[in-house]
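Each remark here refers to the structure printed beneath this line.
The chains referred to below are lettered A, B, ... by the order of the sequence lines, with proteins before strands, and numbering in each begins at 1. Bear in mind the structure is a predicted one, so any value in this text is a computation, not a measurement.
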Amino acid sequence: MWALHSPHNLQSSSTSTPFYFPTRSSSRPPICSLTLNPKNTGTNYNQLIQSLCKQGSLKQALQVLPHEPNPTQHTYELLILSCSLQNSLSDGVDVHRHLLDAGFDQDPFLATKLINMYSELDSIDDAREVFDKTRKRTIYVWNALFRALTLAGYGQEVLGLYRRMNEIGIPSDRFTYTYVLKACVASECLISLLHMGKEIHAHILRHGYESHVHVMTTMVDMYARFGCVSNASCVFDSMPVRNVVSWSAMIACYAKNGSPFEALELFREMILETHDSVPNSVTMVSVLQACSALASLEQGKLIHGYILRRGLDSILPVISALVTMYARCGKLELGQLVFDRMAKRDVVSWNSLISSYGIHGFGKKSIQIFLEMIQQGLSPSHISFVSVLGACSHAGFVEEGKMLFESMVKEHRIYPSVEHYACMVDLLGRANQLDEAAKIIEDMRIEPGPKVWGSLLGSCRIHCNVELAERASRRLFELEPMNAGNYVLLTDIYAEANMWGEVKRVKKLLEARGLQKLPGRSWIEVKRKIYSFTSVEELNPQIEQLHALLLKLSNEMKEQGYVPQTKAVLYDLDTEEKERIVLGHSEKLAVAFGLINASKGETIRITKNLRLCEDCHSVTKFISKFANREILVRDVNRFHHFKDGICSCGDYW
DNA sequence: CTAGGGTTAG
């Protein structure tokens with residue numbers, strides 16, 4: 001068992017001042033005592049205060065402040081900025097009070113600065129109050145509040161104020177537009193604000209901002225975050241002026257919304273067709289994500305080469321994305337190698353490695369790296385926990401997962417969010433402790449939300465628990481009625497329980513909402529080319545050959561006791577028909593294609609857009625032995641490494 | 001006072 005306490009935390013609690021903190025007051029000469037002379041009544045202290053602020057000596061500046069009878073606007077401005085930089089809310093409140101007494105309470109310039117300061121010091125109520133009390137609101141004051149509220153996640157409030165602003169007749173400027181566009185996606189509420197985004201889109205065009213790069217790039221990003229890929233690309237195409245940021249935003253949009261091919265294509269276009277927009281590290285991170293999504297090792301290596309040539313290989317986010325890319329393309333060792341060569345690492349780089357081992361099913365290694373990170377003196381982030389708990393889940397480490405979950409609050413003062421609860425529900429649910437998983441949800445101190453219920457429903461499918469699945473899906477249909485996956489999971493469960501009437505009912509519900517099941521698809525990369533398979537398309541010229549090979553293999557397997565598992569078929573058909581359907585699954589076609597076309601001894605690498613079905617799993621195990629081939633399959637959740645008739649997941653997935 | 005990015009769960 002691993003020790004889950006953190007030596008780092010013990011250390012930092014024993015010393016009151018962290019050693020890395022610069023000791024500003026003691027190392028600087030006491031300027032103030034030299035210059036400050038209370039008897040000298042005619043002195044103008046404004047300049048002294050200002051220079052102290054610029055040096056970062058806020059405390060001393062505050063000591064001088066009472067001696068200045070007429071502080072100027074500029075003096076207050078620097079004091080306010082200094083409070084932000086020093087991260088001191090109490091000093092900020094002092095300065096604020098002082099400025100009110102000095103008669104600057106209606107100064108819109110200082111109001112803007114104060115709002116920015118409170119926003120940076122996470123005191124949004126104070127920011128709001130400044131706004132409310134300022135009668136003469138310039139566009140700067142409005143924008144400052146919009147910015148503050150957007151950063152704090154109060155997008156809806158911004159949009160309400162924006163409406164009011166329009167009613168009063170205050171014209172927006174380019175800054176206003178970027179903030180309100182961001183506000184549409186910076187909202188915690190469950191209802192989509194896409195319609196507002198579209199409305200603002202219209203305002204922007206009406207007011208002639210269609211060639212403003214910042215505004216239009218924000219718009220691309222807004223649509224991207226709503227998953228509206230075609231809207232985003234329309235906006236992008238319409239932009240008369242583009243720069244690196246615009247290109248990066250569009251590439252990121254494709255990479256994050258299931259269009260990795262388009263992302264790579266746009267990257268190619270960027271390199272070939274533009275002169276002033278040269279890809280930078282941010283661009284490359286998204287391009288690497290696209291390679292990860294495609295599981296295209298060859299593409300990934302080419303991009304890695306480009307990164308090296310462009311000298312972007314020492315930038316932390318790029319390296320972390322590289323680690324992830326290699327791991328997700330099935331080359332965990334290369335990911336580890338990239339990590340080992342890093343000169344400097346941060347939490348994110350460690351998280352990349354933790355999750356990499358997790359998706360490959362190496363739970364123990366993942367926990368080990370997690371602990372090593374802590375030992376090196378880094379504090380785990382909430383994502384570290386999502387990653388390591390996910391790793392426990394894949395490996396079936398229930399006890400370890402529980403301990404880590406408990407250590408979150410106890411040792412690291414990180415309060416579990418929905419993501420962590422979703423991991424725990426998944427961990428317990430998969431391990432067939434469904435009641436305990438349900439209990440976790442009941443005991444949650446925050447609103448469960450779709451991720452948590454989704455985890456429960458997923459586990460219910462694995463263990464075919466109709467009752468609990470009905471409970472979970474009832475909530476899910478309310479929370480995210482347009483997510484087809486939930487309906488499909490429920491029909492799967494009903495089908496397995498032979499409740500065909502119910503299967504029909506849920507399918508109708510799915511159709512009534514205009515949704516459809518995501519068709520299963522598998523990809524394989526052979527000699528730098530990617531081939532895609534579904535069970536219905538017959539585009540591949542070798543398709544007959546593939547079906548024949550699978551039939552032959554299936555018969556040989558049957559002789560050795562294989563019984564096709566047809567649970568995944570959602571139609572009430574006879575056994576023979578079901579067997580035929582299962583044998584045509586896209587993954588088997590891809591495996592067969594690999595057997596025929598990949599060079600001898602080469603590992604067959606397949607990527608799938610869904611979870612592996614049980615029959616494909618057992619057939620692939622058999623083939624790995626029969627054909628003496630290593631087969632690596634990445635399904636939506638994790639890797640399966642088939643070798644000599646066994647799978648790295650230990651049949652637990 | 002403006003825009004894009006790293007690690008995650010089913």
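Taking the side chain as every heavy atom from C-beta outward, A:Y154 and A:R128 approach each other to under 4.5 Å.
Nearest nucleotide to the A:A249 side chain, out of B:dG4, B:dG10, B:dT8: B:dG4. Checked against B:dG4, B:dT2, B:dT8, the side chain of A:K182 finds its nearest nucleotide in B:dG4. In the set B:dG10, B:dG5, B:dT7, B:dT7 carries the atom at the smallest distance from any side-chain atom of A:S355. Ranking B:dA3, B:dC1, B:dG5 by closeness to the A:S281 side chain, first place goes to B:dG5. Distances from the side chain of A:I359 to the nucleotides B:dA9, B:dA3, B:dG5 place B:dA9 closest. When each of B:dT8, B:dA3, B:dG4 is scored by its nearest atom to the side-chain atoms of A:E419, the top-ranked nucleotide is B:dT8. Of the candidate nucleotides B:dT7, B:dG10, B:dC1, B:dT7 has the atom nearest to the side chain of A:V348. Listed nucleotides: B:dA9, B:dG4, B:dC1. Nearest to the side chain of A:D173: B:dC1. In this structure, of B:dT7, B:dG4, B:dA9, it is B:dA9 that holds the atom nearest to the side chain of A:V386.
The distance from atom CD1 of A:I200 to atom P of B:dA3 is 15 Å, rounded to the nearest whole Å. Straight-line distance from the CD1 atom of A:I414 to the C1' atom of B:dT7: 13 Å, rounded to whole Å. For the pair A:L610 CG and B:dG10 P, the computed distance is 14 Å after rounding to whole Å. When rounded to the nearest whole Å, the span between CD1 of A:I441 and C1' of B:dA9 equals 13 Å. Put simply, CZ on A:R147 is 6 Å from C1' on B:dC1, counting in whole angstrom units. As a whole-Å value, the separation of A:R310 CZ from B:dG5 P is 19 Å. Atom-to-atom, CZ of A:R611 to C1' of B:dG10 comes out at 10 Å; the value is rounded to the nearest Å. Per the geometry, CD1 belonging to A:I139 stands 15 Å off P belonging to B:dT2, to the nearest Å.
Using a 4.0 Å heavy-atom distance criterion, A:N143 is classed as a base contact. Using a 4.0 Å heavy-atom distance criterion, A:R430 is classed as a sugar-phosphate-only contact. Among the protein residues, A:K256 comes within range of the sugar-phosphate backbone only, with heavy atoms under 4.0 Å from sugar or phosphate atoms but none that close to a base. The residue A:L316 sits close to a base: some heavy atom pair falls under 4.0 Å. Residue contacts for A:S356: at a heavy-atom cut-off of 4.0 Å it reaches no nucleic acid atom on any strand shown. Residue-level contact check: A:R225 touches the backbone only, with heavy atoms under 4.0 Å from sugar-phosphate atoms and none from bases. A:R328 comes within 4.0 angstrom of sugar-phosphate atoms only, judged by non-hydrogen atoms across all strands, and of no base.
Applying the 5.5 angstrom centroid cut-off and the 30 degree plane-angle cut-off, the aromatic ring of A:Y179 is not stacked upon the base of B:dT2.
A:F405 and A:Y421 have perpendicular rings, their planes meeting at more than 60° on a 0 to 90° scale where under 30° would count as parallel. The aromatic rings of A:H203 and A:H207 sit perpendicular to each other, their planes meeting at more than 60°, with 30° as the lower class boundary.
Not a single donor-acceptor pair, N or O on each side, falls under 3.5 Å between the base of B:dG5 and the side chain of A:N280. You won't find any donor-acceptor pair under 3.5 Å spanning the side chain of A:N637 and the base of B:dA9, going by distance alone.
Evaluation of the side chain to side chain contact (heavy atoms under 4.5 Å, CB included) rule for A:E269 yields A:W247, A:L266, A:E273 as partners, not counting sequence neighbours.
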Query - CA sep, side-chain torsions, deciding dist, call: A:Y118, A:H96, side-chain hydrogen bond (donor to acceptor under 3.5 Å, both in side chains) - result: CA-CA 10 Å; A:Y118 281 128; A:H96 186 184; 2.8 Å; yes
Query raised in the report: Step by step, would you call A:S233 with A:S230 a side-chain hydrogen bond (donor to acceptor under 3.5 Å, both in side chains)?
Result: CA-CA 5 Å; A:S233 78; A:S230 54; over 6 Å; no
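Judged by the 6.0 Å and 45° rule, A:R345 forms a cation-pi pair with A:F339.
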